[in-house]
Amino acid sequence: MKRKYLIGVSLLAGGALWFGLGQSALPEGPGRDLVLQKCQTCHEIGFVTRERQTRERWDAIITEMQAYGMRITPEERAIILDYLATHLAPGAQAPARPPAQAQAQAGVSGAQVYNNCVGCHQANGAGIPGVFPPLAGHVPNILAARGGREWLVQMMLYGLQGQITVRGSNYNGIMPAYAQLSDAEIAAVLNYISTQWGNAFPSGQGPFTEAEVRAQRGKNLSPQQVHAARQQLGLR
Ligand code: HEC
Ligand code: HEC
């Protein structure tokens, strides 16, 4: 079934019917030509240019495309992944088009949303050792973990419960769920804790977007499931 569909799609693309569609929306940068060459043999490049994804997600998408039959060498794969993760990261602007999402979020202040968190994690993000874990100097470790970005969104939506260890201190408290906040508010507060107190996004990662938050809604995880997911992050 899938194979039949693919052949049909390939034939169409082979006719270069779609060539050029959305091509201008691919920013300049090393690897762009390779992406143009490899990523529009089965579908139009608009499938790629409209996405804003984390490196991790792009990695998974490329794997998916390989399962669909895309042929690339490991070297080409690395170049394509770097290009996509750099230029089509969450928050990346399409060239010469106004960033609608960034504008929509501009109204929400992460600092203001952080007022919900201050009582426990403290204004300086240091938390209280043994009671509330620190965010300062710690959030970047979560961001850098494989799956850490998505996990942070899930933790905000569904809470966290279970024993964890952060920088040698144990915690076994309750991190409340904040599903009542809007997508924009959750993105804003995550961007705040990712960039305050000397914290910064790992290279290749951009700010959280509303779409990233929306994608994790409706999963109905329990705080214990979020805890189990945390164990998979390999945090030290
Ligand atoms: C061998 C064929 C093939 C190649 C080559 C290919 N894709 Fe795809 N791609 C597909 C198929 C099939 C779908 C699913 C289409 C659908 O479900 O409507 C898809 C869908 C997508 C989607 C939509 C989201 C998703 O996960 O389904 C994205 C994004 C995407 N491709 C990116 C890429 C990128 C980036 C490249 C180049 C690195 C690429 N594709 C190369 C076959 C291919
Ligand atoms: C009532 C106290 C409380 C409030 C309010 C609170 N937290 Fe937490 N938070 C905790 C506790 C306790 C944990 C650790 C949970 C555990 O032990 O499993 C935690 C964990 C976290 C973690 C994960 C740390 C890790 O290493 O897993 C982050 C990130 C976080 N909180 C951010 C926030 C943000 C952002 C807000 C505000 C929107 C907030 N918290 C509000 C108590 C709180």
Side-chain angles (χ1 to χ4, degrees), residues 2-3 5-10 13 26 31 34-53 57-72 76-77 79-81 83-85 87-88 110 112-122 125 127-128 130-143 145 148 151-157 159-167 169-181 185-186 188-194 196 199 208 223-224 226-231 233 235-236:
K2 190 152 266 172
R3 182 157 293 272
Y5 168 70
L6 271 185
I7 290 168
V9 176
S10 307
L26 267 193
L34 197 56
V35 170
L36 285 174
Q37 183 195 329
K38 297 291 180 180
C39 303
Q40 53 186 357
T41 53
C42 300
H43 48 67
E44 48 149 321
I45 198 70
F47 268 57
V48 181
T49 55
R50 72 183 177 209
E51 300 283 344
R52 294 293 177 273
Q53 301 292 351
R57 180 71 193 120
W58 276 122
D59 201 344
I61 289 174
I62 295 175
T63 303
E64 196 187 327
M65 298 310 129
Q66 289 179 302
Y68 285 142
M70 179 172 65
R71 293 253 185 86
I72 45 171
E76 289 170 338
R77 193 186 197 286
I79 294 170
I80 288 175
L81 178 58
Y83 177 88
L84 297 172
H87 296 284
L88 300 176
Q112 232 156 38
V113 183
Y114 189 72
N115 284 332
N116 292 291
C117 331
V118 158
C120 297
H121 296 287
Q122 309 297 301
I128 298 179
V131 188
F132 304 119
L135 304 180
H138 176 53
V139 173
N141 299 337
I142 303 177
L143 288 168
W151 182 81
L152 275 172
V153 175
Q154 291 175 353
M155 192 221 49
M156 285 296 299
L157 290 171
L160 170 67
Q161 204 175 332
Q163 207 223 277
I164 64 174
T165 304
V166 180
R167 288 209 240 123
S169 293
N170 291 330
Y171 300 87
N172 199 352
I174 293 178
M175 161 74 198
Y178 284 93
Q180 73 278 12
L181 297 180
E185 286 170 324
I186 289 178
V189 78
L190 284 174
N191 286 331
Y192 182 81
I193 65 172
S194 299
Q196 282 302 300
N199 288 354
F208 285 87
Q224 290 78 11
V226 175
H227 180 258
R230 187 186 189 279
Q231 316 281 72
L233 297 179
L235 293 175
R236 273 172 294 130

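Indexing begins at 1, ligand by ligand and atom by atom, following the structure's order.
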Checklist entry - Which is closest to atom 14 (C) of ligand 2 by heavy-atom distance: Cys117, Pro133, Gly173? => result Pro133

Checklist entry - Between Asn172 and Gly162, what is the shortest heavy-atom contact and its length? => result OD1-C, 3.4 Å

Checklist entry - What distance separates Ile61 CD1 from Phe47 CZ, expressed to the nearest 0.5 Å? => result 11.5 Å

Checklist entry - Does Ile80 reach the side chain of Gln37, with side-chain heavy atoms less than 4.5 Å apart? => result no

Item to check | Sub-4.0 Å atoms of ligand 1 with respect to non-hydrogen atoms of Glu51 | outcome: 29 (C)

Checklist outcome for this item: Correct closest heavy-atom pair for Gln122 and Tyr114 would be O-OH, 2.8 Å

Item to check | For atom 23 (C) of ligand 2, the protein heavy atom that lies nearest, with its residue and separation | outcome: Met155 SD, 3.4 Å

Checklist entry - How does Val35 reach ligand 1, by side chain, by backbone, by both or by neither, if only non-hydrogen atoms under 4.0 Å count? => result neither

Checklist entry - Among all protein non-hydrogen atoms, which one is nearest to atom 39 (C) of ligand 2, and what is the separation to 0.1 Å? => result Met175 CE, 3.2 Å

Checklist entry - Counting heavy atoms only, which part of Lys38 comes closer than 4.0 Å to ligand 1: side chain, backbone, both or neither? => result backbone

Checklist entry - Heavy-atom distance under 4.5 Å between the side chains of Phe208 and Ser194, does that happen here? => result yes

Next on the checklist: In the structure I gave you, are the side-chain heavy atoms of Met175 and His121 within less than 4.5 Å of one another anywhere?
Outcome noted: yes

Checklist entry - In terms of atom number and element, which parts of ligand 1 are under 4.0 angstrom from non-hydrogen atoms of Met70? => result 1 (C), 5 (C), 37 (C), 38 (C), 41 (C)

Item to check | 4.5 Å side-chain heavy-atom contact, Ile62 and Arg77 | outcome: yes

Checklist entry - Which part of Ile72 is near ligand 1, with near meaning a heavy atom under 4.0 Å away: side chain, backbone, both or neither? => result neither

Item to check | Closest approach of any protein heavy atom to atom 18 (O) of ligand 2, naming residue and atom | outcome: Gly162 O, 2.6 Å

Item to check | Atoms of ligand 1 close to Ile80 [distance to a heavy atom under 4.0 angstrom, numbered from 1] | outcome: 38 (C)

Item to check | Closest non-hydrogen atom pair, Val166 against Tyr171 | outcome: CB-CE1, 3.9 Å

Checklist entry - Does ligand 2 have a heavy atom under 4.0 Å from the side chain of Tyr192, from its backbone, from both, or from neither? => result neither

Checklist entry - After noting the C-alpha distance and the side-chain angles of Val139 and Leu152, does the key distance pass the side chain to side chain contact (heavy atoms under 4.5 Å, CB included) rule? => result CA-CA 9 Å; Val139 173; Leu152 275 172; 4.2 Å; yes

Item to check | Side chain to side chain, Val35 and Ile45, heavy atoms closer than 4.5 Å | outcome: yes

Checklist entry - Is the shortest distance from a heavy atom of Val131 to ligand 2 less than 4.0 Å? => result yes

Item to check | Contacting atoms of ligand 2, where contact means under 4.0 angstrom from a heavy atom of Ile142 | outcome: 25 (C), 26 (O)

Checklist entry - Which atoms of ligand 1 have any heavy atom of Leu84 under 4.0 Å away? => result 35 (C)

Next on the checklist: I need the atoms of ligand 2 closer than 4.0 Å to a non-hydrogen atom of Val166, numbered in the order shown.
Outcome noted: 26 (O)

Checklist outcome for this item: In ligand 2, the atoms that come under 4.0 Å of a heavy atom of Tyr171 are 17 (O)

Checklist entry - Is there an N/O/S atom in Met65 at a distance below 2.8 Å from atom 8 (Fe) of ligand 1? => result yes

Checklist outcome for this item: of all protein heavy atoms, closest to atom 26 (O) of ligand 2 is His138 NE2, 2.5 Å

Checklist entry - Counting from 1, what ligand 1 atoms have a heavy atom of Gly69 closer than 4.0 Å? => result 1 (C)

Checklist entry - Any idea which protein heavy atom is nearest atom 2 (C) of ligand 2, and the distance to it? => result Cys120 SG, 1.9 Å

Item to check | Check: His227 and Ile164 side chains under 4.5 Å, non-hydrogen atoms | outcome: yes

Checklist outcome for this item: Phe132 heavy atoms within 4.0 Å reach ligand 2 at atoms 2 (C), 12 (C), 42 (C)

Next on the checklist: Using heavy atoms and a 4.0 Å limit, tell me yes or no: is Pro176 in contact with ligand 2?
Outcome noted: yes

Checklist entry - With a 4.0 Å cut-off on heavy atoms, does Met156 reach ligand 2? => result yes

Checklist entry - Looking only at heavy atoms of His227, does any of them come nearer than 4.0 Å to an atom of ligand 2? => result no

Checklist entry - Counting from 1, what ligand 1 atoms have a heavy atom of Cys42 closer than 4.0 Å? => result 1 (C), 2 (C), 3 (C), 4 (C), 5 (C), 42 (C), 43 (C)

Next on the checklist: Please confirm whether Ile164 approaches ligand 2 to less than 4.0 Å, judged on its heavy atoms.
Outcome noted: yes

Checklist outcome for this item: In ligand 2, the atoms that come under 4.0 Å of a heavy atom of Asn172 are 17 (O)

Next on the checklist: Applying side chain to side chain contact (heavy atoms under 4.5 Å, CB included) to Leu34 and Tyr83, what does each step give before you reach the verdict?
Outcome noted: CA-CA 9 Å; Leu34 197 56; Tyr83 177 88; over 6 Å; no

Next on the checklist: Looking at Gln40 and Leu36, would you say the former's side chain and the latter's main chain have a donor-acceptor pair under 3.5 Å?
Outcome noted: yes

Item to check | Note, Asn116 side chain near Tyr178 side chain (heavy atom, < 4.5 Å) | outcome: yes

Checklist outcome for this item: If we number the atoms of ligand 2 from 1 as shown, the ones under 4.0 Å from a heavy atom of Leu152 are 29 (C)

Checklist entry - If you take all heavy atoms of Leu88 and Glu51, which pair is closest and at what distance? => result CB-O, 3.8 Å

Checklist outcome for this item: The option among Ala60, Cys39, Ala67, Gly46 carrying the non-hydrogen atom nearest to atom 36 (C) of ligand 1 is Cys39

Checklist outcome for this item: atom 27 (O) of ligand 2: closest protein heavy atom, distance to 0.1 Å, is Arg230 NE, 2.7 Å

Checklist outcome for this item: Scanning both residues in full, the closest heavy-atom pair of Thr165 with Arg230 reads O-NH2, 4.0 Å

Checklist entry - Any side-chain heavy atom of Leu135 sitting closer than 4.5 Å to one from Tyr192? => result no

Checklist outcome for this item: Looking only at protein heavy atoms, what sits closest to atom 41 (C) of ligand 2 is Tyr178 OH, 3.3 Å

Item to check | Element-labelled atoms of ligand 2 that are located less than 4.0 Å from some non-hydrogen atom of Asn116 | outcome: 5 (C)

Next on the checklist: So does Ile193 get a backbone contact from the side chain of Asn199, meaning a donor-acceptor N/O pair under 3.5 Å?
Outcome noted: yes

Checklist entry - With a 4.0 Å heavy-atom cut-off (strictly under), which part of Ile174 contacts ligand 2: side chain, backbone, both or neither? => result backbone

Checklist entry - When you measure from atom 32 (C) of ligand 2 to every protein heavy atom, which one gives the shortest distance, and what is it? => result His121 NE2, 3.7 Å

Next on the checklist: If I apply the N/O under 3.5 Å rule, does Glu64 come out as touching ligand 1?
Outcome noted: yes

Next on the checklist: Against Lys38, only a single residue in Met65, Glu76, Arg71 fulfils side-chain contact (heavy atoms from CB on, under 4.5 Å); can you say which?
Outcome noted: Glu76

Checklist outcome for this item: Within 4.0 Å of some non-hydrogen atom of Trp151, the atoms of ligand 2 are 27 (O)

Checklist outcome for this item: Nearest heavy-atom contact between Trp58 and Val48 is CH2-O, 3.9 Å

